[in-house]
Amino acid sequence: MSIETISAIIAGISAIVSVLALIFSIKYSNKSAESAKQANKQASVANDIAVGQAENELRRDIANAKIRYEDICAEVEEITEGKTPKELSEIDKKKLQPKLKRMNSYIEEYLNAYENACSKYLDKKIDVGRFKKSYVSEIRNLFEPPDNAFNKFLHPEGTSRYKALWKVYREWNDLENQ
Amino acid sequence: MATFDSIAEEYTLKIKNSAKKTSLEKSASLKIESIQKDTLVLTLKEINEDIKNYSIEGKPLSETQKQDIFRRVGNKLGLSEPDKVYLMLKEASNDNFVALANYWSNFIDEIEL
């Protein structure tokens, strides 16, 4: 076999190896792109799950605070028995005192749940569009009319501990631009 | 111009789609079900907000008018108690709770402890 023939065979083998290397590289690069796509998809699902769970949790916290308040209202009703405030006896008033304190603390709990929800909204830990659609009216209800049950807990704004709630209320109701 | 019936039709479709979505997700995955079980509640919240955009001669709809629309929605959904749609909507918002809290807040203010 001449040197030229051997060189030609070697060149041929090299070419085949190069082509095979190219085929493998394309195949693996496609596979790795697919894996990356799959990983992204999984990450997106995981993110959706986390967001969904966070939204469920905050709804549950609000609902639980509501239930606790409604329960204490029922207990208060058992004492007042449909009487007006002026018709209550001293004994009634004494019985009411601890329950009224609990009423206030449940209102605070209720507002705390919204505060937590608003913090998550501001930190974009939940779906912001969906949160706004679902809560714009509820949050407005907490602030308006200003003489409502929540007023003494929310005001004055400067010293209120419900900073996130105020921020979201102002953002959605565009109060800063009025 | 929108009529009570056309508004009711629109809301019926929204509720149906939301219910369909929820049931599809339920069959797809248990995890997704636990996340999205409140899809219907969210739709009701949205409807509760959307109805506030309608007015007659510049006046927002009264509660009786809203009840009328939601009764139509209940009928279109084929519910045995169509009036319950209105109550479901109230429950999906905090309107009732705020009214309750305001009532007791005023009551407490008037008590001389």
Side-chain angles (χ1 to χ4, degrees), chain A residues 45-46 48-56 59-60 62-63 65-67 69-70 72-73 76-77 80 83-88 90 92-94 96-97 99-101 103-104 106-107 110-111 114 127 130-142 144-145 147-153, chain B residues 10-11 14-15 17-18 21-22 24-26 28-54 60-61 63 66 86-113:
Chain A
V45 169
D48 284 351
I49 290 172
V51 165
Q53 279 171 340
E55 287 174 14
N56 273 356
R59 260 196 299 281
R60 217 173 9 243
I62 293 170
K66 247 165 105 169
I67 291 167
Y69 184 80
E70 284 164 353
I72 191 73
C73 286
V76 169
E77 256 180 310
T80 58
K83 292 173 201 159
T84 64
K86 286 191 168 55
E87 289 167 345
L88 293 172
E90 286 308 310
D92 290 335
K93 287 179 189 175
K94 212 171 180 181
L96 274 177
Q97 264 180 337
K99 297 200 185 289
L100 299 184
K101 276 186 188 157
M103 260 180 152
N104 278 342
Y106 292 146
I107 287 280
Y110 183 68
L111 291 174
Y114 278 100
D127 183 317
R130 194 159 56 211
F131 182 75
K132 185 174 179 181
K133 264 188 190 172
S134 308
Y135 290 95
V136 65
S137 166
E138 292 195 17
I139 287 175
R140 199 185 306 123
N141 275 347
L142 302 178
E144 297 168 19
D147 60 344
N148 71 15
F150 310 103
N151 175 282
K152 65 177 172 184
F153 300 96
Chain B
E10 183 197 331
Y11 291 157
K14 273 190 182 178
I15 292 173
N17 284 339
S18 171
K21 201 179 162 206
T22 307
L24 273 177
E25 281 160 351
K26 270 184 186 175
S29 150
L30 193 66
K31 275 183 180 170
I32 299 293
E33 178 208 353
S34 65
I35 296 164
Q36 300 291 357
K37 65 182 176 186
D38 294 328
T39 304
L40 196 56
V41 177
L42 288 179
T43 304
L44 295 177
K45 278 175 185 285
E46 277 177 37
I47 290 174
N48 208 29
E49 187 59 23
D50 188 73
I51 191 94
K52 292 176 185 167
N53 296 326
Y54 290 102
L61 299 182
E63 289 306 305
K66 287 180 192 172
Y86 176 77
L87 298 175
M88 274 162 61
L89 277 150
K90 284 278 158 199
E91 214 37 57
S93 76
N94 66 352
D95 292 357
N96 283 349
F97 182 78
V98 169
L100 179 78
N102 286 342
Y103 170 79
W104 284 110
S105 171
N106 291 335
F107 191 94
I108 293 165
D109 286 347
E110 284 180 43
I111 302 175
E112 290 155 15
L113 290 172

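Residue numbering restarts at 1 for every chain, and letters A, B, ... go by the order of the sequence lines.
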Report which part of [X] has an atom under 4.5 Å of a heavy atom belonging to chain B: side chain, backbone, both, or neither.
| X | result |
| --- | --- |
| A/T80 | side chain |
| A/K132 | neither |
| A/Y114 | side chain |

Original post:
Among A/K66, A/K152, A/E70, A/E77, which has the most heavy-atom pairs under 4.5 Å with chain B?
Top reply: A/K66
Subject >> Derivation and outcome, ring-ring contact (aromatic ring centres under 6.0 Å, His included), residues A/Y110 and A/Y69 >> reply: CA-CA 8 Å; A/Y110 183 68; A/Y69 184 80; 7.9 Å; no
Original post:
Is NZ or CZ of B/K45 both nearer than 6.0 Å to the six-membered ring centre of A/Y135 and within 45° of the ring axis?
Top reply: yes
Subject >> Worked check of side chain to side chain contact (heavy atoms under 4.5 Å, CB included) between A/F131 and A/E55 >> reply: CA-CA 8 Å; A/F131 182 75; A/E55 287 174 14; 5.9 Å; no
**OP:** Give, for atom CD1 of A/I67 and atom OH of A/Y106, the distance between the pair rounded to the nearest 0.5 Å.
**Re:** 12.0 Å
Original post:
With sequence neighbours excluded, what pairs up with B/F107 under the ring pair (Phe, Tyr, Trp, His ring centres under 6.0 Å) test?
Top reply: B/W104
Subject >> chain A interface, residue from B/N102, B/N106, B/N94 that has the most non-hydrogen pairs under 4.5 Å >> reply: B/N94
